[in-house]
Structure formats: C-alpha cells, structure tokens
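Here is the structure we will look at.
One is the number of the first residue; the rest follow in order along the sequence.
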Amino acid sequence: MVLALIIAIPLLVQTSKTNAHYEMMGTCRMICDPYNPKPSATALEVMQDLSAIPSPTFVQGTKGEPGRPGKPGPRGPPGEAGPPGPRGPPGNRGDLGKTGYPGVVGTARSETGGEPGSAVGGSKIAFYVGLKNPHEGYEVLRFDDIITNLGNHYDPTTGKFTCQVSGIYYFTYHVLMRGGDGTSMWADLCKNGQVRASAIAQDADQNYDYASNSVVLHLDSGDEIYVKLDGGKAHGGNNNKYSTFSGFLLYPD
C-alpha cells in the first residue's frame, strides 16, 4: 500500500494542469487546492487503481504461554452426606471369660420314676412380706403381711429371718417413707446386728420417698437377717404393700 502511494503521488503532480497544494499529514494524504475543486481524470484513474489493490493478509502468530494461575476462591459449603459404606468385616474374637462357679447337684431320680430332684438339693427357702403398720424411730420393721414364706424361716412377730440351711442368700427391701414434715428416713439391712446395706429417703418436697437396697450374703445356720429403722417414719399402707422385704436361698453349702 505504501509503495503504491509513493508511485502515485508523482504522477498526480505531473498530470495536474492547475496549481495544486499537497501536504503530508500523518499517513500520506492529499489536500486539493481550493481553487481547483475537480481532480483530473488521471488522478481518478490512479485512485481507482489504488482501491483495487487487495488488503494485506494477516498471519496468525504462535500461541503464547499460559498465564499464571489465579488465586484460589473461597471455600464452598459442605456437600450432602453420602450413603453409608458397606459393613466392615467382623472383629477378632475376644478372650474367653473366667470359669463360672459349679452348679448345685440335684437329687437323683429314682428308678421307679419319682418326681425330679430340686435344683438346690431339696431346700426350698423363700419369703416375701409386706408392712401393714407404720413404724418410726429406731426399731426393727416387723413386716406382718405374709405373702410367701417357704420353709417358715421368717417370723412376722420379730420381723427377722433366721437361717436354718447355710448357703448363699439374696435379700432386698423397699421401705416407703411417711413424708410431709420435711424429715428423712434411714433403713438398714442387718445381719446379726451388723449393717450390711443402707438406704435413705429424703422429704425434700414435702412428699413420699423410697429407701431401697439389695444384698447377697453367705449365712450360717442360726444367722438372723432383718431391716431396722435408723431414724424417720416408715409408711405401713395396710394391705397395699408399699413397704416390702423378701429373700431366698441361691446356693446351699
């Protein structure tokens, strides 16, 4: 394009019959003389030839190197929990436990087909009694409502269980405190005068409360078991059995 302009400018200068003024301004531009507004035919032909020249083609360069990575954006919210995974393999087998106590040998059955022997060697000892009358102070609770008394080893007149078959026994008691005056009640299970279990009921909200406990003891023949108040008031309840005392033989010697 520039080469064509260099060739065309002298031709325009020579073909012009009138005085013309030319000025180079930036890109080569021709300013016609205002006194001769019509260009010559030769100039027009040169202008047409210049317009017919095709535009130069642009060749695409090579691709540049990638830019630097941008800064990491803010952390997004946590996604939804996925489905549970498959069940894992079973764990290793644990160690063997300690050997248990040997069971009690029952009575052998006769050849003639008698009744099967008892699991405790024929000894059936169990009792369950309730408290009808209220008690207070420091006295033995005489549970006088007899429900069960196998072997007749519990005496309702004294409130004591007397062992006649030595062995391991289980005892439990539940004593309802007579509330309403803001006091507390203590109930102890004793063996031959020695406390083996204690329980307390507190009248914190001017209401009733229970004192309960359980024991497993070895008894010899002649040992006595009973429940004794150590202060407070025990509710009787007539036949409602609010306060109860029970026990039975687990394993005879």
Side-chain angles (χ1 to χ4, degrees), residues 98 100-101 104 118-253:
K98 296 181 180 180
Y101 295 103
V104 179
S118 170
V120 293
S123 300
K124 297 181 180 180
I125 302 172
F127 72 96
Y128 170 55
V129 293
L131 189 66
K132 287 185 178 181
N133 299 313
H135 291 67
E136 64 178 87
Y138 302 86
E139 58 182 2
V140 175
L141 294 179
R142 295 182 299 276
F143 294 86
D144 46 2
D145 187 4
I146 307 297
I147 298 96
T148 302
N149 194 10
L150 294 177
N152 293 320
H153 296 175
Y154 175 80
D155 186 356
T157 60
T158 62
K160 297 180 179 180
F161 172 86
T162 303
C163 175
Q164 299 181 17
V165 177
S166 61
I168 302 296
Y169 287 79
Y170 172 82
F171 299 97
T172 184
Y173 65 97
H174 309 276
V175 182
L176 178 63
M177 178 190 66
R178 238 171 30 192
D181 54 2
T183 60
S184 299
M185 181 197 71
W186 291 262
D188 302 328
L189 186 142
C190 300
K191 172 187 174 183
N192 300 330
Q194 295 181 344
V195 176
R196 289 293 178 263
S198 298
I200 183 173
Q202 295 181 335
D203 188 13
D205 54 355
Q206 303 293 319
N207 209 334
Y208 291 91
D209 195 12
Y210 266 101
S212 304
N213 214 331
S214 303
V215 294
V216 176
L217 299 173
H218 180 271
L219 301 183
D220 293 322
S221 181
D223 289 342
E224 292 181 338
I225 301 294
Y226 53 89
V227 178
K228 178 179 179 297
L229 279 183
D230 195 18
K233 300 176 182 179
H235 186 69
N238 298 325
N239 295 321
N240 293 325
K241 299 165 186 65
Y242 294 126
S243 301
T244 60
F245 178 34
S246 60
F248 52 86
L249 173 65
L250 287 174
Y251 310 110
D253 290 344

What distance do S212 atom OG and L176 atom CG have between them, rounded to the nearest 0.5 Å?
9.5 Å
Between F245 and Y226, is the ring centroid distance below 6.0 Å?
no
Heavy-atom side-chain contact between Q194 and R196 under 4.5 Å:
yes
With sequence neighbours left out, what residues match N213 under side-chain hydrogen bond (donor to acceptor under 3.5 Å, both in side chains)?
none
Are any non-hydrogen side-chain atoms of L217 and L189 less than 4.5 angstrom apart?
yes
dist M177:CE -> K233:NZ (nearest 0.5 Å) comes out at 10.5 Å
Pair Y128-F248, side-chain contact (heavy atoms from CB on, under 4.5 Å): steps then yes or no:
CA-CA 9 Å; Y128 170 55; F248 52 86; over 6 Å; no
Considering only residues two or more places apart or on different chains, which pairs with a residue in residues 234-252 satisfy salt bridge (Lys or Arg N to Asp or Glu O under 4.0 Å)?
D145-K241
Would you say F143 and L131 make side-chain contact, with heavy atoms under 4.5 Å?
yes
Can you tell me how far the CD1 atom of I146 sits from the CZ atom of F127, to the nearest 0.5 Å?
9.0 Å
Counting distance only, does the side-chain N/O of K228 pair as donor-acceptor with the main-chain N or O of V195 below 3.5 Å?
no
Separation between CG of L229 and CE of M185, rounded to the nearest 0.5 Å
6.5 Å
Tell me whether S214 contacts the main-chain N or O of Y170 through its side chain, where contact means a donor paired with an acceptor under 3.5 Å.
no
Distance-only, no hydrogens or angles: does the N149 side chain make a donor-acceptor pair with backbone N or O of Y154 under 3.5 Å?
yes
If you measure from CG on L150 to CG on L249, what distance do you get to the nearest 0.5 Å?
11.0 Å
Mind checking what makes side-chain hydrogen bond (donor to acceptor under 3.5 Å, both in side chains) contact with D188, not counting sequence neighbours?
S198
Does the D209 side chain pair with the main chain of Q202, one donor and one acceptor, at a distance under 3.5 Å?
yes
Would you give the length of the straight line joining atom CG of N152 to atom CD1 of I125, rounded to the nearest 0.5 angstrom?
11.0 Å
Test of understanding: with side-chain hydrogen bond (donor to acceptor under 3.5 Å, both in side chains), list the residues that count as partners of Y138, not counting sequence neighbours.
none
Once side-chain hydrogen bond (donor to acceptor under 3.5 Å, both in side chains) is applied, do any residues pair with T158, and if so which ones, sequence neighbours excluded?
none
Would you give me the side-chain donor-acceptor pairs under 3.5 Å for residues 160-169, sequence neighbours excluded?
residue, atom, partner, partner atom, Å
Q164, OE1, H153, NE2, 3.3
S166, OG, D253, OD2, 3.1
Y169, OH, V165, O, 2.4

